[in-house]
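Since we're looking at a predicted model, the values are computed, not measured.
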Amino acid sequence: MNLRHEVVQMLTAKEWTVSFAESCTGGLISSQLTELPGVSKIYKGSVISYSNQAKAEVLGVPEKDLQDHGAVSSVVAIKMAKGAKSVLKTNVALSVTGVAGPGGGSELKPVGLVYIAVVGPDFEKVERHLFTGSNDTQLSRHEIQLESSKKAWELLSGFLNTI
């Protein structure tokens, strides 16, 4: 059984709902979840907040946080997850924000830098990942998105296993 199935089973057993706020993954995680039967019991929806405007206006990420920390930051990742949890009224929410490339990176925020956050009742956690290829070769945009989704499922599963 894969992580997605385990997550669905754990959420179903707890009678909890989940939502997502996705930026650099552009709905990939949502799509991966909705491939599974029976998710309508636990899945409320997602916000694909690709722009800073969507992060601010839909998810309620403060403009100051976006300016001070940038969209690709632990602060914004947590606020995105909290926003999805609030807007979609779920027990748990997960967010992903990062630089998928091939352009858009900088010395401080290189291509492949991704923050993944999960929030739940009395719980929040954010992870920083830097997805690069072997021998310093850059992964493709799609590979970074796939790696991000894999780590997102691991984070969500790990969270659900601890409560």
Side-chain angles (χ1 to χ4, degrees), residues 1-11 18-36 39 42-43 45-56 58-59 61 65-85 88 90 92-120 123-162:
M1 181 182 309
N2 69 33
L3 279 179
R4 292 179 290 152
H5 286 96
E6 289 176 17
V7 165
V8 170
Q9 286 184 341
M10 287 186 278
L11 287 166
V18 67
S19 58
F20 303 126
E22 296 186 66
S23 186
C24 66
T25 49
L28 176 62
I29 297 166
S30 303
S31 177
Q32 290 172 337
L33 180 63
T34 59
E35 289 174 354
L36 305 176
V39 298
I42 55 100
Y43 179 58
S46 294
V47 174
I48 311 303
S49 55
Y50 208 73
S51 70
N52 283 356
Q53 180 181 2
K55 288 174 181 70
V58 179
L59 295 174
V61 176
D65 287 339
L66 289 162
Q67 292 169 2
D68 291 352
H69 304 283
V72 180
S73 65
S74 60
V75 170
V76 170
I78 287 287
K79 299 272 174 84
M80 287 172 61
K82 287 180 175 180
K85 185 177 180 292
L88 294 165
T90 57
V92 179
L94 180 125
S95 71
V96 180
T97 184
V99 184
S106 68
E107 189 174 326
L108 290 176
K109 296 185 181 187
V111 171
L113 178 63
V114 177
Y115 290 90
I116 305 167
V118 63
V119 297
F123 180 89
E124 62 183 54
K125 182 175 182 179
V126 64
E127 293 181 347
R128 179 190 186 274
H129 297 277
L130 183 58
F131 301 112
T132 59
S134 59
N135 301 322
D136 291 329
T137 59
Q138 185 57 54
L139 296 177
S140 72
R141 180 179 185 82
H142 186 65
E143 289 168 326
I144 291 168
Q145 291 171 325
L146 288 173
E147 289 297 317
S148 298
S149 70
K150 178 181 172 191
K151 290 297 183 184
W153 288 113
E154 289 173 5
L155 178 59
L156 184 54
S157 174
F159 162 69
L160 291 170
N161 272 316
T162 64

Keeping the roles fixed (side chain from [X], backbone from [Y]), state whether a donor-acceptor pair exists under 3.5 Å.
X	Y	value
Glu22	Ile29	yes
Arg128	Leu113	no
Ser23	Val96	no
Ser148	Ile144	yes
Lys55	Ser49	yes
Gln9	Glu6	no
Ser157	Trp153	no
Ser46	Ile48	no

Distance check, rounded to the nearest 0.5 Å: [X] atom [atom1] versus [Y] atom [atom2]?
X	Y	atom1	atom2	value
Leu156	Lys125	CG	NZ	12.0 Å
Leu3	Gln32	CG	CD	10.5 Å
Leu146	Leu28	CG	CG	6.0 Å
Lys79	Ser73	NZ	OG	9.0 Å
Glu127	Lys151	CD	NZ	7.5 Å

- Task: For residues Lys85 and Val92, determine if any side-chain heavy atom of one lies less than 4.5 Å from a side-chain heavy atom of the other.
- Result: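 No, every pair of side-chain atoms sits at 4.5 Å or beyond.
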**Report entry** Student check: side-chain heavy atoms of His5 and Val8 closer than 4.5 Å
**Finding:**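 They are not in side-chain contact.
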Hey, is NZ on Lys109 packed in by over 12 heavy atoms from elsewhere, all under 6.0 Å?
yes
### Query
Is it true that atom CD of Gln53 has more than 12 heavy atoms of other residues, nucleotides or ligands lying nearer than 6.0 Å?
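Counting other residues, nucleotides and ligands, CD of Gln53 stays at 12 neighbours or fewer.
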When Thr97, Val76, Ile78 are each screened for side chain to side chain contact (heavy atoms under 4.5 Å, CB included) with Val61, the one that passes is Val76
Considering all heavy atoms of both residues, which atom of Ala56 and which atom of Leu66 are nearest to each other, and what is their separation?
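Shortest heavy-atom contact: CB-CD1, 4.1 Å.
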TODO: Indicate the ring-plane relationship of Tyr43 and Phe20, choosing parallel, tilted or perpendicular according to the 30° and 60° boundaries.
DONE: tilted
